Peer 1: 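Once you've had a glance at the structure underneath, I'll fire off some questions.
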Amino acid sequence: MFRAVKTDVKFPKQEEAILDFWKSNRIYEKSLEQREGGKPFVFFEGPPTANGLPHPGHCLTRAIKDLFPRYRTMRGYWCNRKAGWDTHGLPVEVEVCKELGIHSKEEIEQFGVEKFIAKCQQSVWRYMQEWERVTERLGFWIDLSQAYVTYQQSYVESVWWSLKNLFDRGLLYRGHKIVWWWAQGGTALSSGEVGQGYREVADPSVYVRFPILGSVNPSLANASLIVWTTTPWTLPSNQFAAVHRDIEYSVCQEETAEGEVAGERFVVAASLVEMLAEKIKRKLRVVSSVKGAELVGLRYQPPFDYYHQTRGSQVGSLKTGGESIREWRVVHADFVTVDSGTGIVHLAPAFGEVDYDVLVAERERFVDGSGPALICAVGPDGKFTEEAPDYQGVWVKDADKPITRALRERGKLWHQEQYVHDYPFCWRASEDPLIQYPRESWFIRTTAFRDAMLENNRQIGWLPEHIGSGRFGNFLESNVDWALSRERYWGTPLPVWVCESTGKKDAIASYDELCSKPGVQGLDVWLDAKAKNPELAEDLKVHKPYIDAVTYDSPFAKGARMHRVPEVIDCWYDSGAMPFAQWGYPHSGKELFAAQFPADFISEAIDQTRGWFYSQLAISTMLFGDKPGQTSVSSAGNGYPHPFKNCIVLGLMLAEWYESKDGKQRFLTEEDARAALGGDFVQKTGKMSKQLRNYRSPQEIFDRYGADALRWYLFANQAPWNSILYSERAIRDSIPEFILRLWNVFSFFTIYAEIDGFVGPADISGPLDQLGSDELSRSKTYRPVAQRSELDRWIMSELAATCRDVVDRMDRYDSYGACQSLHGLVDALSNWYVRRSRSRYWASDKSSQDKIDAYWTLYEALVVITKLIAPFTPFLAETLWQNLTGSLEGVRESVHLCDFPTGDFAPTDATLNARMALLREIASLGRSARMESKLKVRQPLGRVEVTLANDTHAAWLTEHDDIVREELNVKEIHYTSGASPFVSYSVQPNFRRLGPRVGALLPKLKQSLGALSGSQLMEEMTRNGKILISIDGKEIELDGEDIQVRLSAKDGWAAAQGSSCVVALNTALTPSLIREGIVKDAIRLVQDLRKRRQCNFTDRIVLTVYCESQQILDALQEHRDFLTSETLASSLHLQLGSGDTTCELVELADEKVAIDLKIVPEA
RNA sequence: GCGCACGUAGCUCAGUUGGUUAGAGCGCCACCCUGAUAAGGUGGAGGUCCGCGGUUCGAGUCCGCGCGUGCGCACCA
């Protein structure tokens, strides 16, 4: 038995009840248990950083991550979903520092590393709980209880194992390189991290004179090289000036107003002279030219003396014999261009990677130890050292101004301006600019795997496709060795121990391995700490500072000890290791890893290209495969070293808000803005920003509209890889557009099922399971679809077609297309099937088979749709399922335990679907024509003429003209496909067919056909089955398929044209039609009154109508039976007069009418 | 600077292998319908499909060059 449900449903509340239901009945767990042994569908959770609250963008990721596993589970796959949390790294440290009000490493050390990492660990726990709440509320089914956590010992040990593997294969090395250095944080950053922090800034840019020393070329004597730099602070560390040997340089002088040349001579690239002259607003004259090659070797005076004073004249021995000045020479460099600057480049090898390469190359020319040493006037803290006493202790960026001033004072500054460019800042401490700095650091030799990574990348199914060859492929092409180490605290410790005597190194793969090293000491540091504070998480023992205390006997030198290196590793490595580290592999979980690698499906936003997508691919490629040293995973039977087979790359989510024109007031919805500002506001879209508070928290969205509304919005509004607007209005709109529409159909069903006592499958004896057709057909009242009315067969055919379409699309990861398909189905069900079937549900004979068919059809459609939408809007689906299955014996307790419908219950009847679509179009056109002629649908019309482009479906349409008559409220309908007085025809070629055949003649053919009479051509076609046309002397024969007939309504008719038919109305009104119209109006007025008086659907009434117009009363009298049956009136009194005060006063056909309505008490 | 993507109605977006009348939803306005009723329908828009050039019988769709936006890269000296 079904109970009528209300239409004023509160979805958020309903969803929370469903959450409880899922939890208390372990539905998720059961959905997995049920599929055990099924084909696995492997999903990897890219671990969110447990730092900061989840925002709407994360909801998109989590919704997509939920959708496909749910779908696959219903399709019979076993999809294990293990949650994970990324817990290490700079973000966490920064967050804790903020909390402690500290910033620098010194302050952390002062605070105490032990206390600091304990705080880090607590901090991530706090955020993990927030994340879990949102995850659950969104309906993201994932096993949170078994989540992998990157700081846990087993995870860390997996990472250690992988690093030891790389170390043993010589792929993990310590190198001296110029790295992007976060001075305040005292650590290097990986290219991935650097990339996150680029920002446009205006830096001072200076053109500086480097006077040439001792040139033998007279035109260069006393001339200066002009170099350009945007980092004045690097000038004290200048070591070389670079030119390109093939570039033409000019020696210039300024030209005075009199046309004389005067003043200093200087050297710049010839092609830049004009541009530079404009910059300094002087006329320049080229006094001589010189090739770059001729400049190479010249000495110059650097702008600062700090090193030059003592080393300026030092020479070194060249390998080729002879000697050379070591530094402050002009050198050649390939990278020098004339794109900007002066064509002469200031080199400070300490602060630029290419500059450093030049130094190394120069050093190569000298006998060992005799070449130039690195000049670096800046300490690791980013402040000048005593080597540049004028600026000692000054932060480099603060030194730009005083340095520029000093240059000007000493006459070295040739020109100065602002230069706007992108410059990296620390991605977590966004006020701290990064600097390039020479540093010893640990690297992974990823460049050795570049080609392998590219090959693996080609195996990945990227959505959208262009990511693979485009963005991600390009990123791999420009691969550089992974700068792995971080001189920080909260991270996976680098598992490398160094011999204090020989400097030789050793890597370990687990804590146990470490403990079993000979002469191991320092394990007590952890034990003591734990004894002092039993609350300490056991996992911390593999972290700093405890792990640093562990030492052991060196295998390399007797009596020497092995000490761990101080560094921790890049947290991106942690995340990329998750395919195996989530199982603790290889220390545990070998079978799980073998079975769960690679992933069938992952998804993250596009910002993970250089993040998780890369880290996974890089690590998997290096570790797993068939190369020596790699761990072969082919035993798993898949042989893929690439970690994921399909990846949906999501677009970024943008915020939408409304603000006052001055930007001072901000609102999240248009209504709020309108309420506060009237019409005086603007809509804005842009990045989500915590500071601007330009978006509503996910929790608020859940409370207001529900998780299903958000989910449907995210899935159904655009392809997932497009950037998406987090539009509150659009989220809200997804309720009436889809969710509520479906709910209304369901509500309609329950209202009448209750009235008629339709019990659905409740009368079926024997076990029920998923309520498929096979089960329902066991009901005595259930007839095979083939025996039911055409409308029933139609909706079942549409239903089956949609099932097939959705499956097809979802198998291709096309969630957007699947949603469109579902939307169309619900629209067809609501706006045609139910609309056209209403009278069947109202039929008074409760045992009429047609009525029962209607119930069964609608019931089954709802059951199937409920299953179809389950992965998309799981809450709504569950509510519907519970209501539709009620207390049925044995039926699956949740829709999420059902199989996804594949449409095998009914064939798709394409002809029927096409015919019904045509019928719907005719109805729609008819309404359009009525509108045009201002004839409301309640006014019956005599006749409608439908002219069809072809008569394929004419007979069928004629059989169904009752539907159109009712839809359009006309007495008669006439179909024709021939000549018609209100339609003109034009014949067009079928371009797609004829294009290849007639080619260039097509335009002329079109013209010729257009010029001929359409109806004559049609006649010819009907008579001969073909048309002959001569174009430029060529005979062209056209058959029926070669032409397309277009109809258009002639002017002067109440007609509307569609793609394949014209619908014209006979607008002549007879008195009889007018009287009928009056009755329809009256019925409408009474129904309205019934509702206002809050009648039940089944209440009978006594109806009295008073009116001064005999004409109206006559009309009502004439259609008395119609009026009473439509309004459930048990008696009807028609009175001439104006009625009394209990009456409702209304207007009917421009006359005043009073209606009295009394409910008949139930017997 | 280089790369990738995007640029279609007021807004948000669809647009299949190129086929000649470019669609949807929303918003706005008007009207209609209504025993699913805090739903539903019809219409108005009539859009230089960012611009220019090319390929083609035919271009929103393919190619080239620009312009704009977003994101990414880096030899930003």
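Scope of the values below: all heavy atoms of this structure, side chains included, with no hydrogens, waters or symmetry mates. Chain naming here is simple, since letters A, B, ... match the order of the sequence lines and numbering starts at 1 in each. Since the model is a prediction, treat every value here as computed from it, not as a measurement.
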Peer 1: On the 0 to 90° scale, with breaks at 30° and 60°, tag the Tyr437(A)-Phe351(A) ring pair as parallel, tilted or perpendicular.
Peer 2: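 It falls in the tilted class, 30° to 60°.
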Peer 1: Can you establish whether the number of heavy atoms outside Lys397(A) located under 6.0 Å from its atom NZ is more than 12?
Peer 2: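 Counting other residues, nucleotides and ligands, NZ of Lys397(A) exceeds 12 neighbours.
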Peer 1: Output the single nucleotide from G72(B), C13(B), U20(B) whose closest atom is nearest the side chain of Gln988(A).
Peer 2: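 Looking only at heavy atoms from C-beta outward on Gln988(A), the closest nucleotide is U20(B).
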Peer 1: Is Arg471(A) near enough to C4(B) that one of its side-chain N or O atoms lies under 4.0 angstrom from OP1 or OP2?
Peer 2: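 Answer is no, no contact under 4.0 Å.
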Peer 1: Select one nucleotide: of U20(B), C26(B), G3(B), the one nearest the side-chain heavy atoms of Phe991(A).
Peer 2: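 Closest nucleotide to the Phe991(A) side chain: U20(B).
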Peer 1: Would you mind telling me which of C75(B), C13(B), C26(B) lies closest to the side-chain atoms of Tyr816(A)?
Peer 2: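 Selected nucleotide (nearest to the side chain): C13(B).
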Peer 1: In this structure, are over 12 heavy atoms from other groups packed under 6.0 Å from Glu465(A) atom CD?
Peer 2: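 Counting neighbours around CD of Glu465(A), 12 or fewer heavy atoms of other residues, nucleotides or ligands fall under 6.0 Å, so no.
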Peer 1: Of the candidate nucleotides C71(B), A36(B), U20(B), which contains the atom at the shortest distance from the side chain of Phe748(A)?
Peer 2: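 Of the options given, the side chain of Phe748(A) lies nearest A36(B).
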Peer 1: Quickly work out the Leu652(A) CG to C4(B) P distance and round it to whole Å.
Peer 2: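 Nearest whole value for this atom pair: 18 Å.
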Peer 1: Would you mind telling me which of Val649(A), Thr609(A), Leu454(A) makes a side chain to side chain contact (heavy atoms under 4.5 Å, CB included) with Phe472(A)?
Peer 2: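 The single option meeting the side chain to side chain contact (heavy atoms under 4.5 Å, CB included) with Phe472(A) is Thr609(A).
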Peer 1: Check every atom of C13(B), C76(B), U21(B) against the side chain of Gln718(A) and return the nucleotide holding the closest atom.
Peer 2: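 So the side chain of Gln718(A) is nearest to C13(B).
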Peer 1: So, applying ring-ring contact (aromatic ring centres under 6.0 Å, His included) with Tyr859(A), which one of Phe2(A), Tyr752(A), Phe748(A) is it?
Peer 2: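 Per the ring-ring contact (aromatic ring centres under 6.0 Å, His included) rule, the option paired with Tyr859(A) is Phe2(A), out of Phe2(A), Tyr752(A), Phe748(A).
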Peer 1: Nearest to the side chain of Lys1006(A), which nucleotide is it out of U20(B), A36(B), U17(B)?
Peer 2: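 Of the options given, the side chain of Lys1006(A) lies nearest U20(B).
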Peer 1: Could you list all N or O pairs between the protein and nucleotides 39-42 of chain B that sit under 3.5 Å apart?
Peer 2:
from: A39(B); atom 1: O2'; to: Asn744(A); atom 2: ND2; distance (Å): 2.7
from: G40(B); atom 1: OP1; to: Arg741(A); atom 2: NH2; distance (Å): 3.3
from: G40(B); atom 1: O3'; to: Asn831(A); atom 2: OD1; distance (Å): 3.4
from: G40(B); atom 1: O3'; to: Asn831(A); atom 2: ND2; distance (Å): 3.3
from: G40(B); atom 1: O2'; to: Asn831(A); atom 2: OD1; distance (Å): 3.4
from: G41(B); atom 1: OP1; to: Asn831(A); atom 2: ND2; distance (Å): 3.2
from: G41(B); atom 1: O2'; to: Arg927(A); atom 2: NE; distance (Å): 2.8

Peer 1: Is a donor-acceptor contact shorter than 3.5 angstrom present between the side chain of Arg992(A) and the base of U20(B)?
Peer 2: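 No, no donor-acceptor pair under 3.5 Å.
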